[in-house]
Chemist: 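Questions regarding the structure given below will be posed in turn.
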Amino acid sequence: MPIEAFAIPAPELAKELLSSVIMHGETAGMIVETEAYLGGEDLAAHSSRGLTDRTKVIFGPAGRAYVYLIYGMYECFNVVADLAGTPGCVLVRAVEPLCGLKLMCQRRKMNEPAVRLTNGPGKLTRALAITRRHYGLRLDKGRLVIRRWRTRPIFETQVTPRVGISECADWPLRFVWNGHPYVSRPPEASCAGSCS
DNA sequence: GGTAGGATGGGCT
DNA sequence: GCCCATCCTACCC
C-alpha cells in the first residue's frame, strides 16, 4: 500500500484497512476489525493528552506504526493516519491468520490453530511478533508491511462504538467485517449500523 | 454457558 | 500512586 494512501482521516483509513494484510516475516494476517482514534476532542485517544515521547508518532506523517504497551503485558498495534500535524491513528483489533500458522501458534503457546490465536489486539501482536521495536517504522515497505488485495474481497462493514474506553464511549468508530469469525467480540445488535 | 480477579510495567497527574 | 485502547485462569452455574 503506497504511503500516501494512509494520509486520510482515521475513520476512512480504518474502513480501508479491513481486508488488508499485515505481513511480518514468515507470518501474515488479514485485518477484520479496526478502531479509529482522532485528535483534539476524542478524549479516548492517547494523542488528546498532547505530544509526548510516546505519542509523537501519531502527530507525524501517515503510514507509520504506533505500538504501545498496555497493562504491562500486551502490545497494541496502530497505523498512523492523516497528514503530519493532524493526529489520528487506527488500532488493529483482530486479524485472520493467513501465513505462518505454526510459528504463530508457537508464539502464542498453542498446540493447534484456533480463533483465539489472533482475535484480539494483544493476541495478534504476539502472534505476528509486533513489538515496540517497530515504533515509528513505515508500513509501505520493509519487513513489516501492510498490503491490499489486487481485488478487494466483498464483505459488509459493521460500525459500532469502540471497545474498552470510557470517554467518547458512544462514538461510532469501530469497524468490523460483519460476521467474520476472528472478530474480537460480537457487536451489540442495538448499535449495529452497516454499509458496504 | 458465565464472571471475577490477577498479572505486570510504563505513562502521566 | 493510579490508570490503563488486555488476556487468561479459576471457579461457578
Side-chain angles (χ1 to χ4, degrees), chain A residues 6 9-18 22 29 31-60 62 64-82 86-97 104-136 139 146 158-177 181-189 191:
Chain A
F6 295 94
E12 286 179 35
L13 183 63
K15 267 180 279 189
E16 176 71 26
L17 287 180
L18 290 183
I22 305 172
I31 300 171
V32 300
E33 178 181 346
T34 57
E35 283 177 359
Y37 287 85
L38 317 176
E41 320 82 50
D42 182 7
L43 296 178
H46 293 164
S47 60
S48 71
R49 314 289 168 191
L51 197 158
T52 66
D53 271 345
R54 182 175 66 145
T55 62
K56 61 188 175 192
V57 72
I58 309 171
F59 292 81
R64 271 68 173 179
Y66 169 46
V67 188
Y68 67 89
L69 184 70
I70 188 70
Y71 297 110
M73 310 174 82
Y74 298 99
E75 322 263 353
C76 286
F77 172 64
N78 297 247
V79 181
V80 176
D82 259 311
T86 304
C89 65
V90 175
L91 170 68
V92 178
R93 284 195 56 88
V95 305
E96 174 189 338
M104 290 194 205
C105 284
Q106 274 176 239
R107 290 167 174 164
R108 296 267 298 120
K109 303 195 197 312
M110 294 171 60
N111 296 321
E112 296 288 321
V115 164
R116 56 181 291 100
L117 183 60
T118 53
N119 68 340
K123 303 176 195 178
L124 71 91
T125 51
R126 193 154 289 180
L128 292 168
I130 299 172
T131 72
R132 285 164 289 164
R133 294 199 332 271
H134 300 283
Y135 182 97
L139 299 167
I146 292 182
Q158 207 162 22
V159 186
T160 81
R162 295 169 291 184
V163 174
I165 54 166
S166 50
E167 309 272 12
C168 308
D170 56 347
W171 293 18
L173 292 176
R174 174 178 179 238
F175 301 90
V176 172
W177 180 319
Y182 281 85
V183 165
S184 68
R185 45 176 304 186
E188 304 287 330
C191 52

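Basis for what follows: all heavy atoms, side chains included, without hydrogens, waters or symmetry-related copies. From a predicted model like this one, the values you see are computed outputs, not experimental measurements.
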Chemist: Go through it in stages, so that I can follow the logic: the residues are A:Arg93 and A:Thr34, the test is side-chain contact (heavy atoms from CB on, under 4.5 Å), and I'd like the CA-CA distance, side-chain angles, deciding distance and then a yes or no.
Modeler: CA-CA 5 Å; A:Arg93 284 195 56 88; A:Thr34 57; over 6 Å; no
Chemist: Check A:Thr55 against A:Tyr66 and note the closest heavy-atom contact, atom names and distance.
Modeler: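 Where A:Thr55 meets A:Tyr66 most closely, the heavy atoms are CG2-OH, 4.5 Å.
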Chemist: Once you round it to whole Å, what is the distance between C1' of B:dG11 and OH of A:Tyr135?
Modeler: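 Interatomic distance, OH of A:Tyr135 to C1' of B:dG11: 12 Å.
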Chemist: Can you list the steps and then say if A:Leu17 with A:Ile146 is a side-chain contact (heavy atoms from CB on, under 4.5 Å)?
Modeler: CA-CA 9 Å; A:Leu17 287 180; A:Ile146 292 182; 4.1 Å; yes
Chemist: Does C:dC8 have OP1 or OP2 sitting under 4.0 Å from an N or O in the side chain of A:Arg108?
Modeler: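 So the side chain of A:Arg108 is within the cut-off, an N or O lying under 4.0 Å from OP1 or OP2 of C:dC8.
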Chemist: Could you run down the sub-3.5 Å N/O contacts of the protein with nucleotides 6-9 of chain B?
Modeler:
residue, atom, partner, partner atom, Å
B:dT8, O2, A:Tyr71, O, 2.2
B:dG9, N3, A:Gly72, N, 3.4

Chemist: Do the side chains of A:Tyr37 and A:Ser48 get nearer than 4.5 Å, heavy atoms only?
Modeler: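 No, their side chains stay 4.5 Å or more apart.
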Chemist: Write down the distance between CD (A:Glu167) and P (C:dC3), rounded to a whole number of angstrom.
Modeler: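 Spelled out: CD on A:Glu167 to P on C:dC3 is 13 Å.
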Chemist: Starting at atom OH of A:Tyr68, determine the distance to atom C1' of B:dC12, rounded to an integer number of angstrom.
Modeler: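 Going from A:Tyr68 (OH) to B:dC12 (C1'), I get 15 Å.
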Chemist: Which atom pair, heavy atoms only, marks the closest approach of A:His46 to A:Arg54?
Modeler: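 Result for this residue pair: CE1-NH1, 3.6 Å.
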Chemist: C:dC7 P sits how many Å from A:Glu75 CD, rounded?
Modeler: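 Computing the A:Glu75:CD to C:dC7:P distance gives 12 Å.
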Chemist: When A:Phe77 is tested against each of A:Leu128, A:Leu91, A:Val95, A:Ile22 for side-chain contact (heavy atoms from CB on, under 4.5 Å), which residue passes?
Modeler: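 By the side-chain contact (heavy atoms from CB on, under 4.5 Å) criterion, A:Phe77 pairs with just one of A:Leu128, A:Leu91, A:Val95, A:Ile22: A:Ile22.
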Chemist: How many Å lie between CG on A:Asn78 and C1' on C:dT6, as a whole number?
Modeler: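 To the nearest whole Å, that distance equals 14 Å.
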Chemist: Would you say A:Asn78 and A:Val67 make side-chain contact, with heavy atoms under 4.5 Å?
Modeler: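 A side-chain contact is absent here, since even the closest heavy-atom pair is not under 4.5 Å.
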Chemist: Do A:Val176 and A:Val159 have side-chain heavy atoms sitting under 4.5 Å apart?
Modeler: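 They are not in side-chain contact.
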Chemist: Kindly state each residue pair satisfying ring-ring contact (aromatic ring centres under 6.0 Å, His included) with at least one member in residues 105-130 of chain A, sequence neighbours excluded.
Modeler: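 Counting only pairs at least two positions apart or across chains, no ring-ring contact (aromatic ring centres under 6.0 Å, His included) contact touches residues 105-130 of chain A.
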Chemist: What verdict does the side-chain contact (heavy atoms from CB on, under 4.5 Å) test give for A:Ile130 and A:Glu75, after you've listed the backbone C-alpha separation in whole Å, the side-chain angles of each residue and the deciding distance to 0.1 Å?
Modeler: CA-CA 8 Å; A:Ile130 299 172; A:Glu75 322 263 353; over 6 Å; no
Chemist: Minimum heavy-atom separation for A:Asp82 to A:Ala10, with atom names?
Modeler: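 Answer, listing the atom of A:Asp82 first, then A:Ala10: OD2-N, 3.8 Å.
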Chemist: Figure out the CE/P separation between A:Met110 and C:dT9, and round it to whole Å.
Modeler: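 Nearest whole value for this atom pair: 10 Å.
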Chemist: Is there a side-chain contact (heavy atoms from CB on, under 4.5 Å) between A:Tyr74 and A:Lys123? Walk through the geometry before answering.
Modeler: CA-CA 8 Å; A:Tyr74 298 99; A:Lys123 303 176 195 178; over 6 Å; no
Chemist: I'd like a table of atom pairs between the protein and nucleotides 1-3 of chain B - only N or O on both sides, under 3.5 Å - with the distance next to each one.
Modeler:
none

Chemist: Round to the nearest Å and state the distance from A:Lys123 atom NZ to C:dC7 atom P.
Modeler: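 About 5 Å, once rounded to whole Å.
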Chemist: What residue pairs, at least two apart or across chains, pass side chain to side chain donor-acceptor pair (under 3.5 Å) with a residue in residues 165-175 of chain A?
Modeler: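 Passing the test, one end in residues 165-175 of chain A: A:Glu33-A:Arg174, A:Thr160-A:Arg174.
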Chemist: Measure CG/A:Leu38 against P/C:dA5 and give the value in whole Å, please.
Modeler: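 Taking atom P of C:dA5 as the reference, CG of A:Leu38 is at 15 Å.
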Chemist: For DNA chain B, what are the stems built from at least three Watson-Crick or G-U pairs in a row, each pair having both distances below 3.5 Å?
Modeler: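 Counting only runs of 3 or more consecutive pairs, the stems involving DNA chain B are B:1-7 with C:6-12, B:9-12 with C:1-4.
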Chemist: For residues A:Ala129 and A:His134, report the shortest heavy-atom separation together with the two atoms involved.
Modeler: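 Scanning both residues completely, I find the closest heavy atoms to be O-NE2, 3.4 Å.
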Chemist: Scan residues 40-57 of chain A against DNA chain B and write down, sorted by residue number, each residue with any heavy atom closer than 4.0 Å; if none is found, say none.
Modeler: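 Residues of residues 40-57 of chain A that come under 4.0 Å of DNA chain B are, in numerical order, A:Thr52, A:Arg54.
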